[in-house]
Amino acid sequence: MVIFLQICRNYCKLIKNNVPKMKYLNVAEKNDAAKTISGFLSRGSSRRRDGLSVYNKIYEFNAAVNGRDVQMVMTSVSGHLLNYEFSGAYRNWRSCNPVQLFDATVMKCCPEDSVKIRKTLEREIRGCSALIIWTDCDREGENIGIEIIDVCRNVKNNLTVYRAKFSEITAASVRRALDNLVQPDQRQSQAVDVRSELDLRIGAAFTRFQTLRLQSVFPTIIDSLVSYGSCQIPTLGFVVQRYKEAENFVPQKFWKLKLTHTVGDLTVEFTWARNRLFDKKCCEVFFMLVKQSPPLLATVMSVTQKPKSKWRPQPMDTIELEKLGSRKLKISAKQTMTIAEKLYQQGFISYPRTETNMFSKEINLRGLVEKQAEHPVWGNFAQRVLEWGPNPRNGKKSDQAHPPIHPTKFTTSLSGNEQKVYELIVRHFLACVSRDALGSETLVSVEIGGEEFNASGLLILERNYLDVYIYDRWSAKEIHEYERGTSFYPSTIDMPEGSTTAPQMLTEADLIALMEKHSIGTDATHAEHINTVKERGYIGEVENGYLVPGTLGMGLVEGYDAMSLTLAQPQLRAGLEADLKAICDGTKNPDVVLKDQIEKYREVYKIITERAQILDEKVGFRFNSTPQQNPQAVESHMMEEVFRCPRCGTNKMVLKRKSTNNGVYISCTDYPRCKSVFWLDDVIKDAKVSGQNCQRCGGETKKITMTFKQRDTWMFLNSDTPEYTSCLLCDSALKSLLDIDIEALRRQGGESSNSQGSSSVRNVPSSGYNSATNPSTSSSRNTRPGSDPSRGYDSQRRGGTSSASSASTTSPTCPKCSQQLKKLTVKKAGGNQGREFYVCPTPENPCRTFIWADEMPAPANPPPRSRATNGRGGSDDGTENPTRPRAKRKCAICRREGHTRTNCPQNINPRTKRQKQEET
DNA sequence: GCAAGGTC
């Protein structure tokens, strides 16, 4: 019986083991979070293995999700996985007018340092049926979550996606999150996308303009980057504002009454209840009243004693660490953070980037204090804290991810600034979990001549936290013993003169406080922004750590101000913040906010470029230098968009001039990701985008005005002059002449987007972020499917991709060699099966002539068009240009017929190489 | 050579 039961049990186990478990991929925002969450959900039993990125490990365990036992795989990203970038053609500073950056296509790309993380996600998601997002529960976290989803859906389109919402990383909280999975918050993510896109467009447009303009106007003075950033410039603005307040300060005299009372060695000073008066005569009247009051006795009106305490600090967050580092240690905020990160990596302190200033109940404070109890300097204090019991004076902020900054390991081996920062963190920690300092304050109020004077004394009873927190001062102040109703003769009564003083320059700590108050940057970025404006030379540090504007910074802000632009004031950024919040609340549409903001800044950009001389003058004034007249124009060159790229379907194609200035080509702005290009230089001398839109192709397609080199070419197009205006997308004769196959490009685009999937974020091309493998692109002259030059178009045909049928005897002639074209039919299965086309019959088809029969102009040899009906040198929409016979064309290199210079055996500079050179 | 936001 026992054996039978055992067999049954084993059988059940076997069946159970053979039922494949559901497998879920879980992704957190950072490795630390993934590790802790896995630990809680697995009750410490998770197994760890390496991912492709050394910093982002993979944890595996089983857990119950929606009532089912699921195999969990947990990994992490390191913050944002994707980043907005301009499409290729706009990345070169001189490629376009900076104003075009307000409209240029931007796309989300995976930066090089995130590729390994992305690849881990792509690999792991293949074996999973669902994805759970565990990023931080804030706006950026929501956006990072969507990035993770995009990457994973690109691999697995039908993926089920969940969002785990947690308020802190504790066992109860993450378990609750897993039991109450929700959907990602698209609105919060959209708000971040709007912010990122705007920052990029505005930052790049203004930075390029300012830099190029000022470098051009002051070539011998300015050779560095004159960057504009929505956080950088308001940060500079704060420093300039304080400087100007001091610069414009006019001191004002004031007078006050002062009374002293000396007994023995102790002099007690009484201050006037009216503090000070700016009117000397008025003050003199009071002075007389007091001095002449008989019998010049001060009467004690009240004596009060009350306990007074000096509060211990709150647990330390990033901002506090930066401020203290700057104020107390005289180490810059940025440097303080760099040191703190190093200490963190060595395990001496907890994670230093935290907005939390309260300890959770779950943290073992006693254990942390115990670690410091043996320290030669503050060990005794730690002992006292243990006797009292650690009792933090908690703040109210929590980022729900990290505890306040505290020491995690005891050490006495540090030195220099590392030792100073570690000591600050330890002393602050011990102070914040100890006790407030206690004292007793005595307030004495006296009356003389109808005027009230006050004095105070302080007796310190218990120093408590002050014993360890050397950065705070609390001084005792002795006072005589007074009794209500008694009187005394003042030792002196004076009327001292004083003067108001200019405000001090900002310290770094003041600046951080201002940035925080006006929502400029985040806790994690304040120090970096300050560092950036220092690096740019916009601000500098003088003695005692005070910040002052530099020459360039001052000139810039004065330039903006003179144009009545509020770029250096914090309101612009604050306005955007309000809009972003509205997007999150669902009261504003992200597209509308983006559009409005872009228009707002475009207007500002217009003003700054039109009135750039004012900027020159203001900067020149501060540099004591005269701006150079007629500077090189920054805004003259506009990249001319022609039509949407048939291949990628997202980006525009633009007309470009070769660097050698001897020809033009049209290429996709997304180069090098999309390599669509039409070379026009063989037969065309010059080309420009006309102002006319092509009515047949649609609103955004522009016609091009071309000037042809040879008479037979424009004759072929039935033009009476070398100049010819038409549409490259729909003019068949023109396409044939230039060897352009639009349909082939479209098909390539379709294939590539099918294989790569697409992203759901705004303005992202169908090819997705730059991770996806780029479809192979033809290196032949003007792209054609499978037209690998080594195989050639004919070999493809022979290979059976499309097969020949009978040739027609009434075929038109080849526009290049004048031979009669051969008519064929597509046999390959697909969209064009059965469609007829013409090709040139010469061996290996060197002319590369290809015309769809149904796009063939008719009649074959029409009478020349009159100028009256056709207009000069152009084609009408809706009418095809007839094919005309032309003289046999000779190769430009060897002067032989039957091929062009592209295919000429004597051509030592093959097109493909040249193409690449042009493109790069 | 551009921004700001995450994080080793």
Side-chain angles (χ1 to χ4, degrees), chain A residues 28-35 51 53-57 76-86 90-96 98 100-102 104 106 108 110-111 113-114 116-117 135-136 138-148 188-189 191-212 214-215 222-235 318 337-338 340-347 351-355 399 401-402 515 519-529 531-533 535-536 573 576-577 580 601 634:
Chain A
E29 190 165 319
K30 45 195 161 269
N31 183 62
D32 263 6
K35 183 176 159 189
S53 149
V54 288
Y55 305 109
N56 304 83
K57 305 293 178 193
S76 58
V77 289
S78 290
H80 281 287
L81 189 57
L82 308 176
N83 193 20
Y84 274 122
E85 279 179 21
F86 287 111
Y90 295 94
R91 286 181 205 163
N92 185 310
W93 277 41
R94 297 277 182 185
S95 70
C96 69
Q100 294 187 280
L101 300 175
F102 288 109
V106 292
K108 279 206 168 174
C110 183
D113 56 2
S114 296
K116 283 183 175 170
I117 299 174
T135 47
D136 296 354
D138 55 22
R139 210 195 270 166
E140 295 293 333
E142 217 59 40
N143 187 266
I144 293 167
I146 300 288
E147 290 173 358
I148 296 165
Q188 289 197 47
S189 174
V192 173
D193 279 339
V194 169
R195 198 260 315 141
S196 321
E197 194 181 323
L198 272 172
D199 282 339
L200 175 63
R201 290 187 188 283
I202 297 163
F206 282 86
T207 299
R208 287 187 196 179
F209 171 73
Q210 288 185 167
T211 305
L212 295 176
L214 293 175
Q215 284 182 355
I222 299 176
D223 59 355
S224 58
L225 195 64
V226 190
S227 64
Y228 177 93
S230 52
C231 291
Q232 289 177 27
I233 298 301
T235 303
T318 302
M337 283 311 289
T338 306
E341 269 157 33
K342 200 170 166 195
L343 292 174
Y344 163 70
Q345 278 167 24
Q346 293 169 329
Y351 192 68
R353 280 193 296 244
T354 172
E355 291 175 41
D399 62 13
H402 302 289
M515 292 170 79
S519 302
I520 303 298
T522 66
D523 298 42
T525 58
H526 292 145
E528 278 179 36
H529 293 316
N531 196 52
T532 306
V533 291
E535 278 179 358
R536 299 282 188 262
R573 183 78 188 181
L576 173 63
E577 271 302 315
L580 297 182
Y601 279 94
V634 175

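It should be emphasised that the depicted structure is a prediction, and the values quoted were computed from it without experimental measurement. Quick note on labels: first sequence line is chain A, next is B, and so on, each numbered from 1.
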**Item:** Gap between atoms CZ and P, on F102(A) and dC2(B) respectively (whole Å)
**Value:** 18 Å
**Item:** Rounded interatomic separation in angstrom, taking CD from E140(A) and P from dT7(B)
**Value:** 9 Å
**Message:** Can you work out whether E29(A) or A204(A) has the more 5'-proximal nearest nucleotide on DNA chain B?
**Reply:** A204(A)
**Prompt:** For R208(A) and dA3(B), is the shortest distance between a side-chain N/O and OP1 or OP2 below 4.0 Å?
**Reply:** no
**Prompt:** Between E197(A) and K108(A), is there a side-chain N and carboxylate O pair less than 4.0 Å apart?
**Reply:** no
**Item:** For atom CG of L200(A) and atom C1' of dG5(B), their distance in whole Å
**Value:** 12 Å
**Asked** Can you list the steps and then say if E85(A) with R91(A) is a salt bridge (Lys or Arg N to Asp or Glu O under 4.0 Å)?
**Response** CA-CA 8 Å; E85(A) 279 179 21; R91(A) 286 181 205 163; 3.3 Å; yes
**Message:** Can you measure Q232(A) atom CD to dA4(B) atom C1' for me and round it to whole angstrom units?
**Reply:** 9 Å
**Asked** Does dG1(B) have W93(A) stacked on its base, where the ring centres are within less than 5.5 Å and the planes differ by under 30°?
**Response** yes
**Prompt:** Taking only N and O in the side chain of T522(A), is any of them less than 4.0 Å away from OP1 or OP2 of dA4(B)?
**Reply:** no
**Request:** Could you check whether N31(A) gets within reach of a base, just the sugar-phosphate, or nothing at all, counting any heavy atom under 4.0 Å?
**Result:** sugar-phosphate
**Prompt:** Which heavy atom of Q215(A) sits nearest a heavy atom of S224(A), and at what distance?
**Reply:** NE2-O, 2.9 Å
**Item:** K108(A) NZ - dG5(B) C1' separation (whole Å)
**Value:** 11 Å
**Request:** Indicate whether OP1 or OP2 belonging to dA3(B) is found under 4.0 Å from a side-chain N or O atom of S227(A).
**Result:** yes
**Request:** Give a yes/no on whether any side-chain N or O of R94(A) is located under 4.0 angstrom from OP1 or OP2 of dC2(B).
**Result:** no
**Request:** For E528(A) and dG6(B), give me the distance from atom CD to atom C1', rounded to whole Å.
**Result:** 10 Å
**Message:** Considering every strand and a 4.0 Å limit on heavy-atom distances, what is the contact class for N83(A): base, sugar-phosphate, or nothing?
**Reply:** base
**Request:** Rounded to the nearest angstrom, tell me the gap between atom OH in Y90(A) and atom C1' in dG1(B).
**Result:** 20 Å
**Message:** From CD of Q100(A) over to P of dC2(B), roughly how many Å is that when rounded to an integer?
**Reply:** 21 Å
**Asked** Does a side-chain N-to-carboxylate-O contact under 4.0 Å join E29(A) and R353(A)?
**Response** no
**Message:** Can you work out whether L81(A) or F86(A) has the more 5'-proximal nearest nucleotide on DNA chain B?
**Reply:** F86(A)
**Request:** Give a yes/no answer on whether the side chain of H529(A) brings an N or O atom under 4.0 Å of OP1 or OP2 in dG5(B).
**Result:** yes
**Request:** Apply salt bridge (Lys or Arg N to Asp or Glu O under 4.0 Å) to the pair R573(A) and D199(A), showing each step before the final yes or no.
**Result:** CA-CA 10 Å; R573(A) 183 78 188 181; D199(A) 282 339; 2.9 Å; yes
**Prompt:** Under 4.0 Å between a side-chain N/O of T525(A) and OP1 or OP2 of dG5(B), yes or no?
**Reply:** yes
